[in-house]
Amino acid sequence: MALDAELLQIVGLSFLVAGTSTLIGSVIGIPLGAMIALKEFRGRDFVRTLAFTFYGFPPVLAGLLVFLLLSKEGPLGSLEWLFTPIGMVVAQVLIVTPIVTGITASAVMSVEKRLHETALALGADGRQWRATALHEARVGLLTAVMLGFGRAISEVGAVLIVGGNIRGYTRVLTTAIVLETSQAHYVEATVFGVVLFAVSFVVFAVLQRVQGRAFL
Amino acid sequence: MTAPIVIEAVEKAFGEKAVLRGVSAEIQRGEIFGILGPSGAGKTTVLRLVDLLLAPDAGRILFHGTALDPRSPEALAQRRRMAMIMQNPATFRASVFENVAFGLWLRGADAAEVRARVFQALEFVGLLGAARERADRLSGGEQQRIAFARAAVLRPEVLLLDEFTANLDPANVRALEEATLRYRRETGCTVVIVTHNLFQAKRLADRAALLLDGRLVEVAPAKDIFENPQRAETRAFLTGEMAY
């Protein structure tokens, strides 16, 4: 009974942290990716390269960076977000945003290459073209959000460092698996793993259905 | 009556490569003007300049007496009086109906007008039964007919056709050529067609121009160009002596 309640709390927090960071990462990453793809500006190639480089940004490094920022001696220490779910979200936003930005940029760039002149020749102005490009890239944008969420929900390094894996407060599925495994509680670790897989499967199935509809 | 499109000594280069070297021509209202030439002669560049997708490096293009400039505030309104069909039809990830309606939606046409005009255009190209199908699932020929309907539905003053039947089977080539002739007959619109297909130019064009190496070497009524070319280069091109 106690495990059930704790399990529910862990599952809830896992999805709250991953969902919130994916939402924030998408709000930042989709417009940024679209801007990289559609707008001519100085340093565009540099920003694009940076976004792609951060694709592979090690989560542990993101965790360390946020830890240093949020620690008492750090520049954002006064916020007291270290070892809180908010701190975990901040760390995951750092991981999710480059993924969403990079995939969005790629998706919109491929639309740009294929349809830009056609849309202009049919009479689109700049604003109409940008709206059309995003609409055309909608499957790619959903893929970006799905991969961002996938990275966030399965991530362990950053949330462990920044959240501290505090029972009943910052413990999420991945950190619970690490803890139970380290204590040789393999059954519990496996249960958490199965729950993580099952709930992720449901979320991706729903997103995939939405993505399927977005084809037309 | 002044010609709706006047091309005056236009030059265009891409990097070091000069593509157009002082092209001049007048395209008359309601005519089908064919631009012939081998690949890489600069034919498509002429169309893209007329459609304000590019700006000339030198010279100018007048549209009803006004110089075209893609950066000017009037560029959008000018471009909306023309429609261009590209060599490779790029369809939107949407139904056939939505593809054809696209330009009308951009112009803020109301739903009833969009519906009526789109169905009329689809009937014109023989795709009425495919209105609800996904455009990208149709064959290349059908997609090019969508592109034709997408342009025709806008009732442009000038229709620009860029190798619009290249790579299509003979049945689709014939259907699109007939659609072009019928559309011009019914609307009186000016058509500029770029092609390296001599037979197509012969079948469609009222006047033809031969573009070689960025220069128009001969402009004349199509019959004269094909039956009695004045320039040695034109003769060489038409008889196949010119390798390209």
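Naming: A, B, ... by sequence-line order, numbering from 1 per chain. We use all heavy atoms of the structure for the numbers below, so side chains are in, but hydrogens, waters and symmetry mates are not.
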Enquirer: I need the full list of ring-ring contact (aromatic ring centres under 6.0 Å, His included) pairs touching residues 140-163 of chain A, with sequence neighbours left out, sorted by first then second residue.
Expert: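 Output for this query lists A:F15-A:F149.
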
Enquirer: Parallel, tilted or perpendicular: which fits the ring planes of B:F119 and B:F97, with parallel below 30° and perpendicular above 60°?
Expert: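 Taking B:F97 first and then B:F119, their aromatic rings sit tilted (interplane angle of 30° to 60°).
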
Enquirer: Indicate whether any N or O donor in one side chain lies under 3.5 Å from an N or O acceptor in the other, for B:T165 and B:Q200.
Expert: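 Distance-only check passes for B:T165 and B:Q200.
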
Enquirer: What residues of residues 115-124 of chain A sit under 4.5 Å from chain B when you count only heavy atoms?
Expert: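 At a heavy-atom separation under 4.5 Å, chain B is reached by A:L115, A:E117, A:T118, A:A119, A:L120, A:A121, A:L122, A:G123, A:A124.
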
Enquirer: Is a side-chain donor-acceptor pair under 3.5 Å present for B:T44 with B:D162?
Expert: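 Yes, B:T44 and B:D162 have a side-chain donor paired with an acceptor closer than 3.5 Å.
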
Enquirer: With only heavy atoms counted, which part of B:F102 is less than 4.5 Å from chain A, the side chain, the backbone, both or neither?
Expert: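 For B:F102, the contact with chain A is made by the side chain alone.
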
Enquirer: Could you list the residues that satisfy side-chain hydrogen bond (donor to acceptor under 3.5 Å, both in side chains) with A:T97, not counting sequence neighbours?
Expert: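 By the side-chain hydrogen bond (donor to acceptor under 3.5 Å, both in side chains) rule, A:T97 matches no residue at all.
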
Enquirer: Are more than 12 heavy atoms from other residues, nucleotides or ligands located less than 6.0 Å from atom CZ of B:R107?
Expert: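 Yes, CZ of B:R107 has more than 12 neighbouring heavy atoms, counting only those of other groups under 6.0 Å.
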
Enquirer: Among B:T91, B:N88, B:L160, B:L52, which has the most heavy-atom pairs under 4.5 Å with chain A?
Expert: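 Among B:T91, B:N88, B:L160, B:L52, the one with the most close pairs to chain A is B:T91.
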
Enquirer: Holding to side-chain hydrogen bond (donor to acceptor under 3.5 Å, both in side chains), I want the full list of residues that pass it with B:D206, two or more places apart in sequence or in another chain.
Expert: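 Residues passing side-chain hydrogen bond (donor to acceptor under 3.5 Å, both in side chains) with B:D206: B:R184.
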
Enquirer: So which part of B:R48 gets closer than 4.5 Å to some heavy atom of chain A, the side chain, the backbone, both or neither?
Expert: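 B:R48 touches chain A through side-chain heavy atoms alone.
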
